[in-house]
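Let me begin by presenting the structure, written as structure tokens, before commenting on it.
Order of appearance sets the numbers: ligands from 1, and atoms from 1 within every ligand. Just so you know, residue 1 is the first one in the sequence shown, and it goes up from there.
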Amino acid sequence: MRKIVIAGNWKMFKTQAETQEFLRGFLPNLEETPEGREVVLCPPFTNLNVLSKTLHGSRIQLGAQNIHWEENGAYTGEISGPMLTESGVRFVIVGHSERRQYFCETDATVNLRLKAAQRYGLTPILCVGETKQQRDAGETESLISTQLEKDLIDVNQDNLVIAYEPIWAIGTGDTCEAKEANRVIGLIRSQLSNPNVSIQYGGSVKPENIDEIMAQPEIDGALVGGASLEPASFARIVNHK
Ligand code: PEP
């Protein structure tokens with residue numbers, strides 16, 4: 001069965017003190033969160049331990065923003081599956097466009113990271129999406145199709161979330177129209193072997209547009225950047241109607 005998964009991607013924002021402050025404002029709102037809705041927070045690595053202790057027994061699941069494919073080794077700046085699971089992590093974002101764009105992630109390394117996440121019992125959130133240039137050139141469908149084909153080689157679709165994130169909509173305030181996001185997500189689903197994979201939309205999701213986005217039949221949740229940093233706005237998104 002497809003689950004609703006709302007995940008906050010904090011990117012490189014929030015110290016541990018700021019994280020505690022966020023939780024004081026955010027946690028009381030979860031009393032209104034409908035049953036069965038997964039709420040995930042993906043903070044910087046330094047906040048995982050503090051969150052894991054504070055969130056124990058709460059509705060929030062912990063997510064990480066990256067994972068390396070080796071268990072350990074000389075890979076400066078990377079983090080491994082056992083390190084994440086020891087910190088209580090259950091989800092991990094893989095292939096975010098900022099990783100692909102600024103840190104030279106390729107479909108081959110995305111594939112390795114996806115398989116590593118599953119090897120350690122984590123649920124990867126695979127991000128795919130096109131640039132503005134690719135959209136304008138009519139390449140959206142072929143680009144996403146190629147990303148899925150390469151990224152999902154030997155990946156188990158029984159433990160997977162996908163986020164459709166048009167790059168031109170990330171952090172720009174320029175949201176993809178809900179119906180268009182629904183169309184592309186339907187195309188993504190048609191390329192999967194498991195129809196029950198939850199597929200999120202990501203790209204300038206905010207309190208003002210979450211209801212329309214979640215009303216679309218193909219959209220199973222949201223990956224939220226900027227609006228997940230503020231307790232009231234993330235609470236409104238998590239508790240959408
Ligand atoms: C993201 O970081 O994945 C994202 C969608 O960011 P924003 O919501 O700020 O556009």
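Using modelled atom types and a 3.5 Å distance limit, the side chains of Asn49 and Lys53 yield no donor-acceptor pair. A donor-acceptor contact under 3.5 angstrom links the side chains of Tyr164 and Glu130, judged on distance only.
Taking a 6.0 Å sphere around CD of Glu141, one finds it holds more than 12 heavy atoms contributed by other residues, nucleotides or ligands.
Between the side chain of Arg189 and the backbone N or O of Val197 there is at least one donor-acceptor pair closer than 3.5 Å.
Residues satisfying the side-chain hydrogen bond (donor to acceptor under 3.5 Å, both in side chains) criterion with Gln191, sequence neighbours excluded, are Ser145.
Near ligand 1, heavy-atom contacts under 4.0 Å come from Asn9, Lys11, His96, Glu165, Ala169, Ile170, Gly171, Gly202, Gly203, Ser204, Leu223, Val224, Gly225, Gly226.
The CZ atom of Arg113 lies 4.0 Å from the CD atom of Glu105; values are rounded to the nearest 0.5 Å.
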